Structure formats: C-alpha cells, structure tokens
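Let me begin by presenting the structure, written as structure tokens, before commenting on it.
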Amino acid sequence: MRKPIIAGNWKMNNTASEGVELVNAIKPLVKGAKCDVVVCVPAIDIPAVKKALRGSKIKLGAQNVHFAEKGAYTGEISANMLKEYGVQYVIIGHSERRQYFGETDETVNKRTLAALAAGLTPIVCIGESLEEREGGLTEKVLSAQIEKDFAGIEDFSKIVVAYEPIWAIGTGRTATDEQANETIGFIRKRMKKAYAGKNVGKMRIQYGGSMNAKNCKGLMAQPEIDGGLIGGASLKAPDFAAIVNFDK
Ligand code: 13P
C-alpha cells in the first residue's frame with residue numbers, strides 16, 4: 001500500500017527564525033506520525049530549518065528548483081545545491097509559479113527530470129482553474145498536463161503528484177471529498193495508461209487546496225487520496241499537526 005504523505009508548503013511566509021520557531025512547535029505534536037511528513041520552506045530558511053529538524057522524522061523540502069546543473073541563471077537554485085543541504089523533496093510547477101513566474105509544462109518537465117537526476121523527490125503540482133472546471137474541461141486539462149509534465153520519467157514510484165484545483169487554493173473552497181477522490185482516481189488511471197510499466201501504481205497523489213484540520217479526515221479517508229499539500233494551515237503548528245495526525 002502507498003504510505004500517506006502530508007507536506008506543508010510555507011510559500012513566501014516565515015523568515016528563517018520564524019520557521020525554526022514553527023518547526024520547534026510542530027516537532028512534539030507529530031512524534032507518533034505514521035505518515036511521511038515534509039515541510040517545504042523558502043530556500044533561504046533551509047539551513048536553519050534543517051538544523052531545527054534534527055532528531056525528528058520530518059523531512060525537508062524546497063519550493064522550486066532550476067533545471068540546469070549550473071550556469072548563468074541569476075537568482076536560481078540548482079538541484080545539487082538543495083541536495084547538499086539535506087533537502088529531500090521539492091515542489092515543482094505549483095500553480096502560483098505557473099501563474100506569476102511563467103512556469104510552463106515544458107519547464108515543469110525539465111525541472112522534474114533535473115530533481116530526479118539529483119536524487120530529490122519531486123512533488124509535481126497539476127490542476128485546473130475554475131473556468132476550466134465549470135467549462136467541463138477538467139479531464140482535458142489534466143490529460144495535457146499529464147502528457148507533458150511527466151514525459152521521460154522512468155520510475156514513478158520516485159515522484160509525488162499533488163492535485164491542486166486552482167479554485168481551491170487559498171480560497172477556503174475545498175473540493176468535496178468525492179470530487180477530489182474522483183479526480184485523483186482519473187489522474188491515476190490516465191497516468192497508468194500513459195506510462196504503463198513504469199511503477200505508476202506506487203506513485204502517491206496528494207490533494208491540495210484549503211485542506212485543514214477539519215476537512216482532512218474526510219479527504220484522507222478517500223481511497224485514491226494518498227496525502228495532502230497544505231498551504232495556510234501548515235503555518236500553524238496545531239493545525240498542521242492535526243492534519244498529520246488525521247488517523248488518530
Ligand atoms: P492552501 O492550503 O492555503 O489553500 O494552499 C494550498 C496550496 O497551494 C499548497 O501548495
């Protein structure tokens with residue numbers, strides 16, 4: 001069976017010292033967690049948070065990675081740079097990066113392959129907009145992302161996918177348990193077909209979008225949902241811990 005994975009995406013919140021404070025508050029609350037727990041922090045927080053995570057099973061993640069090994073890419077960070085600091089996971093293709101920073105399916109694919117080559121576990125985000133959902137285009141949009149974002153991957157057990165419907169991010173409007181389950185089921189089926197023989201059955205798919213301490217149990221009880229990618233609620237220790245402890 002697939003082991004659940006709950007990851008916090010701090011986005012551009014928390015300075016390094018605030019991040020350390022948050023981690024110190026989370027640590028005792030998630031001691032007995034049976035799922036994988038990850039915090040994806042701003043790049044500059046990585047060294048301090050890494051230290052603060054010592055002695056816990058919480059894994060360290062980043063929020064983006066460049067696709068080149070090195071070179072003239074001012075302001076960017078390579079997979080090896082993350083790796084050297086003990087980063088294990090990296091979010092790729094978050095809708096905010098697609099919307100505000102010109103991220104495309106092509107760059108998402110390149111970043112994913114670069115992360116894998118360096119031994120990082122990519123958390124690749126896909127999802128439809130409200131217009132697309134209301135226009136009945138959800139499956140079409142997801143199919144195109146599936147085809148482009150994951151091309152060239154040989155072993156899907158080494159990646160995590162986050163299904164984040166854009167209309168549910170930061171809006172307080174969560175997909176219903178059934179909606180999320182159905183769409184994630186579609187993603188898994190479509191990926192099994194597109195990438196047959198490449199371990200898609202072992203790949204974990206998270207739900208992301210206004211997941212919180214209240215709605216996490218219902219979402220996590222769905223058979224297709226293997227975890228959550230949590231924004232706002234990951235910034236409060238008791239809320240994040242409640243999600244991590246969804247099974248208690
Ligand atoms: P919220 O949980 O704040 O809706 O954010 C979801 C998200 O974008 C996680 O990557």
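For the single chain, residues carry numbers from 1 onward in sequence order. Remember, it's 1-based here, ligands and their atoms both numbered in the order they're listed. These numbers come from a predicted model, not from an experiment.
In summary, R111 and E76 engage in a salt bridge, as defined by a charged side-chain N under 4.0 Å from a carboxylate O.
In K11, the NZ atom is crowded: over 12 heavy atoms of neighbouring residues, nucleotides or ligands sit closer than 6.0 Å.
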Present, as a list of atom pairs with distances to 0.1 Å, all nitrogen or oxygen contacts under 3.5 Å between ligand 1 and the protein.
{"unit_1": "ligand 1", "atom_1": "2 (O)", "unit_2": "S210", "atom_2": "N", "d": "3.4"}
{"unit_1": "ligand 1", "atom_1": "2 (O)", "unit_2": "G231", "atom_2": "N", "d": "2.9"}
{"unit_1": "ligand 1", "atom_1": "3 (O)", "unit_2": "G232", "atom_2": "N", "d": "2.8"}
{"unit_1": "ligand 1", "atom_1": "4 (O)", "unit_2": "G170", "atom_2": "N", "d": "2.6"}
{"unit_1": "ligand 1", "atom_1": "4 (O)", "unit_2": "S210", "atom_2": "N", "d": "2.7"}
{"unit_1": "ligand 1", "atom_1": "5 (O)", "unit_2": "K11", "atom_2": "NZ", "d": "3.3"}
{"unit_1": "ligand 1", "atom_1": "8 (O)", "unit_2": "K11", "atom_2": "NZ", "d": "2.9"}
{"unit_1": "ligand 1", "atom_1": "8 (O)", "unit_2": "H94", "atom_2": "NE2", "d": "2.7"}
{"unit_1": "ligand 1", "atom_1": "8 (O)", "unit_2": "E164", "atom_2": "OE1", "d": "3.3"}
{"unit_1": "ligand 1", "atom_1": "10 (O)", "unit_2": "N9", "atom_2": "ND2", "d": "3.0"}
{"unit_1": "ligand 1", "atom_1": "10 (O)", "unit_2": "H94", "atom_2": "NE2", "d": "2.9"}
{"unit_1": "ligand 1", "atom_1": "10 (O)", "unit_2": "E164", "atom_2": "OE1", "d": "3.2"}
{"unit_1": "ligand 1", "atom_1": "10 (O)", "unit_2": "E164", "atom_2": "OE2", "d": "2.8"}

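S157 and R2 share no donor-acceptor pair across their side chains, judged by distance under 3.5 Å alone. Donor-acceptor pairing under 3.5 Å is lacking for the side chains of D149 and N109. If you check the side chains of E103 and T107, you find a donor sitting under 3.5 Å from an acceptor.
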* To do: Determine, stepwise, if the pair R98 / D105 fulfils salt bridge (Lys or Arg N to Asp or Glu O under 4.0 Å).
  => CA-CA 9 Å; R98 295 181 193 250; D105 290 316; 2.8 Å; yes
